[in-house]
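Notes to accompany the following structure.
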Amino acid sequence: MSEQSPVITLDGPGGAGKGTLAGLLSDWLGWSLLDSGALYRLVGLSALRAGLSADKAVDIEAAAALARALDVQFLAEAGAQRIELAGEDVTETIRQDEIAQAASQWAAQPVVREALLTRQRTFAGSPGLIADGRDMGTVIFPDADLKIFVTASAEERARRRYDQLSATDETANLSRIYREIVDRDTRDASREASPLKPADDAYVIDTTGDNVATSSRKVRDLVVAKGWLAD
Ligand code: C5P
């Protein structure tokens with residue numbers, strides 16, 4: 001991508017810390033952000049509301065049509081991002097685990113992925129882009145300037161999600177969260193269309209046992225080595 005605006009891809013399984021690292025990178029560099037998982041979650045939410053089933057061919061086409069027509073706005077607000085779907089604030093709604101599972105089911109459908117492809121590429125632009133997802137470095141931006149694959153053990157990712165949920169939800173259950181994480185990883189990594197995997201030229205960062213300061217230091221070192229940031 002040498003003549004175009006630079007792109008950093010951050011791929012990896014859910015709960016590995018990509019979102020936090022992407023936000024930090026965007027703050028440090030002043031580049032924009034693509035949260036591609038949010039697009040799949042919006043498809044999941046829209047398809048659930050439309051009562052679509054991933055087992056029916058006609059519904060798969062309908063979900064792809066929903067994906068093409070998504071009326072989404074990503075709004076930067078007080079250091080956080082607000083996501084609106086046709087004017088409705090769905091920022092919290094799409095973070096629910098039920099929506100994550102729906103997103104992962106529709107994300108396995110090649111026509112749904114195809115429907116989101118061009119929209120994702122249009123996020124690239126000056127001064128640069130941080131693209132967060134599963135296939136950013138392998139499929140959407142194969143010529144990205146820096147590719148990072150962020151991972152952590154399923155046990156640790158489940159524990160992080162449990163700690164986050166149990167603060168507000170007393171029914172949060174660690175073993176159920178763990179099972180959902182393993183199910184989603186398995187589906188995302190074993191699908192034929194753009195499976196979750198590191199690009200051959202990605203730097204792999206395992207955040208198991210790391211706090212945010214440690215993992216962000218590893219990412220910062222890569223960006224400093226590129227000359228995009230002073231140490
Ligand atoms: O990253 P997040 O947890 O929001 O992603 C939700 C789901 O969307 C993932 O489990 C995955 O199935 C799908 N996804 C994808 N490709 C991307 C981003 C997300 O398949 N680039």
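Read the numbers this way: they start at 1 and go in the same order the structure lists the ligands and their atoms.
Both the backbone and the side chain of R134 come within 4.0 Å of ligand 1, counting heavy atoms alone.
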**OP:** Starting from the C-alpha separation in whole Å, work towards a yes-or-no answer on side chain to side chain contact (heavy atoms under 4.5 Å, CB included) for L222 and I8.
**Re:** CA-CA 11 Å; L222 294 175; I8 299 176; over 6 Å; no
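The shortest contact between atom 18 (C) of ligand 1 and any protein heavy atom is with S36 OG, 3.4 Å. Taking atom 4 (O) of ligand 1 as the reference point, the nearest protein heavy-atom neighbour is R41 NE, 2.6 Å. Distance from atom 8 (O) of ligand 1 to its nearest protein heavy atom, with residue and atom name: Y40 CB, 3.4 Å. In terms of protein heavy atoms, atom 7 (C) of ligand 1 is closest to R184 NH1, 3.7 Å. Scanning the protein for heavy atoms near atom 16 (N) of ligand 1, the closest one is R113 NH2, 3.0 Å. Atom 11 (C) of ligand 1 has as its closest protein heavy atom D188 OD2, 3.3 Å.
Distances below 4.0 Å separate heavy atoms of K18 from the following atoms of ligand 1: 1 (O). Using a 4.0 Å cut-off to heavy atoms of M136, the atoms of ligand 1 that qualify are 21 (N). Listed by atom number, the atoms of ligand 1 under 4.0 Å from R191 heavy atoms are 12 (O), 15 (C), 16 (N), 20 (O). Listed by atom number, the atoms of ligand 1 under 4.0 Å from A107 heavy atoms are 12 (O), 13 (C), 20 (O). Residue D135 approaches ligand 1 through these ligand atoms, each under 4.0 Å from one of its heavy atoms: 16 (N), 17 (C), 21 (N). Residue-ligand proximity, G133 to ligand 1, at heavy-atom distances under 4.0 Å covers atoms 18 (C), 21 (N). The distance from ligand 1 to the heavy atoms of S104 drops below 4.0 Å at these ligand atoms: 10 (O), 12 (O).
I94 has its side chain out of reach of Y40: every pair of non-hydrogen atoms, C-beta onward, lies at least 4.5 Å apart.
V90 pairs in a side chain to side chain contact (heavy atoms under 4.5 Å, CB included) with only one of the listed residues (V72, I99, L42), which is L42.
Between the side chains of S175 and N173, at least one donor N or O sits under 3.5 Å from an acceptor N or O. Counting only N and O atoms by type, the side chains of N211 and T214 include a donor and acceptor under 3.5 Å apart.
Annotation for Q96: atom CD counts as buried by contact number, over 12 foreign heavy atoms lying within 6.0 Å.
Between the side chain of R121 and the backbone N or O of I140, at least one donor-acceptor pair lies under 3.5 Å.
Considering backbone and side-chain atoms together, D132 places no N or O closer than 3.5 Å to any N or O of ligand 1.
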